[in-house]
Amino acid sequence: MPSPSIAHYGTTIIETPAPEGVVQKDIPATGDLAGMLRLLTILGFEPLIENMYPGMGRQYIRRRGAITDPDYIEFDAFTSYSAVQRPVTKSPRVGDTVFRVTQRLPVQVFNQAQNEGLIKTMSNAADVRSFQAGTRDWVLVRAPNGQCLEIGPTQETRADNHTIYIWTDPAELESTAADFVQQFHMQRMSAFDFHGQAQGLRLRRERPGITVGLLTPLPGNLVEPRWSDDIFREAGYSHYRMGSPNKSATLRASRHAFPDGGDVSFVYFRDSYLELVQVQADDPALIG
């Protein structure tokens with residue numbers, strides 16, 4: 001069956017190469033990889049696929065729920081032996097991504113992850129207190145793999161659960177929005193405030209459901225250029241899956257990153273690295 005258009009997210013993690021003669025799968029997970037796998041367990045994820053790539057890194061894909069659930073989600077915790085930390089900046093970089101992770105008991109999992117030292121809060125202290133008190137739905141955190149997550153309550157629709165935010169150059173906002181609308185058959189929705197930290201423009205598609213929020217800095221703030229276009233070099237580099245109703249047309253509007261993996265194409269679209277798939281009439285993501 002072709003790969004479905006689902007909430008599938010991943011972020012590059014630094015790992016030291018395996019010593020010569022040691023089997024990759026026998027090496028215990030340590031550091032950021034261990035922290036990310038533990039966080040995914042707290043968030044309710046279970047093992048799906050594990051791949052070993054000699055000389056390159058390791059991959060641990062976890063999932064939560066059944067693929068027909070409106071809040072089904074997958075996370076790809078993968079390591080790269082060649083990855084390095086990018087230079088530190090005070091501002092986010094173009095293409096930096098925030099993934100929404102909805103939960104049946106968001107405060108409970110947040111508190112457990114915080115107590116175990118697995119997350120760093122990115123929201124201001126007042127918002128964190130309101131979230132823990134149940135008077136605010138959403139909180140921003142930084143995961144062990146460097147990925148920023150928006151944690152909050154499970155939503156009724158796939159489009160509300162499957163939400164991705166992308167930092168965007170203000171000068172490219174209109175053209176970026178137009179390309180998403182054209183290639184992925186999305187609708188331009190309203191502007192919104194993103195946790196008091198950015199201005200957002202919401203794009204939405206109901207079937208298969210997905211929401212993209214294009215983030216631009218508040219007045220007086222900046223967004224830095226992307227550091228690299230190498231998902232294996234840059235620690236914290238995010239990727240996500242997008243389903244196109246016309247994959248061949250979207251391929252022509254994208255830059256190829258790697259050879260196609262069958263029905264999945266690996267491309268750069270605007271400032272995002274995508275797992276690009278074709279939306280099928282019987283796509284499980286059209287359910288729920």
Side-chain angles (χ1 to χ4, degrees), residues 1-11 45 48-49 59 61-76 78 95 97-102 150 154-166 168 174-190 200-215 231 237-288:
M1 179 178 176
S3 295
S5 176
I6 54 175
H8 175 99
Y9 309 139
T11 310
F45 288 75
L48 176 59
I49 300 171
Q59 181 181 45
I61 300 178
R62 301 291 192 253
R63 69 176 175 187
R64 190 196 65 202
I67 200 168
T68 53
D69 294 342
D71 62 342
Y72 179 80
I73 186 172
E74 294 179 1
F75 255 95
D76 180 358
F78 74 97
T97 306
V98 181
F99 298 134
R100 172 175 284 186
V101 181
T102 56
E150 182 186 51
T154 299
Q155 304 295 295
E156 293 183 2
T157 68
R158 190 177 297 271
D160 289 318
N161 289 301
H162 189 179
T163 297
I164 300 161
Y165 304 98
I166 308 162
T168 305
E174 292 301 322
S175 58
T176 299
D179 282 352
F180 271 97
V181 167
Q182 178 180 0
Q183 295 301 328
F184 299 103
H185 293 196
M186 307 188 82
Q187 289 186 308
R188 182 175 176 135
M189 308 297 283
S190 59
L201 174 61
R202 185 175 287 106
L203 311 174
R204 185 179 176 97
R205 184 180 67 198
E206 296 298 335
R207 290 173 63 84
I210 185 171
T211 299
V212 171
L214 301 178
L215 304 180
I231 195 170
Y237 199 121
S238 305
H239 74 269
Y240 56 95
R241 186 173 298 176
M242 284 288 284
S244 172
N246 188 344
K247 183 185 174 188
S248 60
T250 305
L251 280 173
R252 292 192 294 272
S254 306
R255 291 187 295 118
H256 288 259
F258 298 99
D260 280 8
D263 60 312
V264 181
S265 297
F266 307 101
V267 302
Y268 298 108
F269 179 81
R270 298 299 301 195
D271 294 302
S272 292
Y273 181 97
L274 303 184
E275 289 188 2
L276 181 65
V277 299
Q278 173 70 47
V279 172
Q280 307 289 331
D282 59 349
D283 195 325
L286 293 171
I287 303 171

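The structure places CD1 of I67 at 7.5 Å from CG of D283, a figure rounded to the nearest 0.5 Å. Separation of atoms OG (S272) and CD1 (I164) is listed at 8.0 Å; rounding is to 0.5 Å. Of the inter-residue distances, the one linking I231 atom CD1 with Y273 atom OH reads 5.0 Å to the nearest 0.5 angstrom. With rounding to the nearest 0.5 Å, the separation of OG1 in T11 from CZ in F99 is 5.0 Å.
With salt bridges taken as basic N to acidic carboxylate O contacts below 4.0 Å, none links R100 and D160.
Using cut-offs of 30° and 60° for the angle between ring planes, the F78 and H239 rings count as tilted.
Judged by distance alone, with hydrogens and angles left aside, the side-chain atoms of S265 form no donor-acceptor pair with the main-chain N or O of D263 at under 3.5 Å. A donor-acceptor pair under 3.5 Å links the side-chain atoms of R241 to the main chain of P4, judged by distance alone. Between the side chain of R158 and the main chain of P208, no donor-acceptor pair closer than 3.5 Å is present.
Between P2 and V277, the closest side-chain pair of non-hydrogen atoms is not below 4.5 Å. Under the 4.5 Å side-chain criterion, counting only non-hydrogen atoms from C-beta, L274 is in contact with Y240. In this structure, the side chains of R188 and E174 come closer than 4.5 Å at one or more pairs of heavy atoms. H256 is listed as a side-chain neighbour of L251, based on a closest heavy-atom distance under 4.5 Å. With a 4.5 Å cut-off on side-chain heavy atoms, M242 and F269 do not count as touching. Counting only heavy atoms from C-beta outward, the side chains of I166 and F180 approach each other to under 4.5 Å. Contact check for V264 versus H8: no side-chain heavy atoms found under the 4.5 Å cut-off. A heavy-atom distance below 4.5 Å is found between the side chains of F266 and E275.
Qualifying side chain to side chain contact (heavy atoms under 4.5 Å, CB included) partners for Q278, counting only residues two or more places apart in sequence or in other chains: K247, Q280. Take S175 and apply the side chain to side chain contact (heavy atoms under 4.5 Å, CB included) test, not counting sequence neighbours, and it matches E172, R270.
In summary, the aromatic rings of Y9 and F75 are positioned with their centroids under 6.0 Å apart.
Of the residues listed (T102, T154, D71, D69), the one engaging N161 in a side chain to side chain donor-acceptor pair (under 3.5 Å) is T102, and it is the only one.
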task = Take F45 and I73, measure what side-chain contact (heavy atoms from CB on, under 4.5 Å) needs, and give me the verdict at the end.
result = CA-CA 9 Å; F45 288 75; I73 186 172; 3.4 Å; yes
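A donor-acceptor contact under 3.5 angstrom links the side chains of T250 and Q183, judged on distance only.
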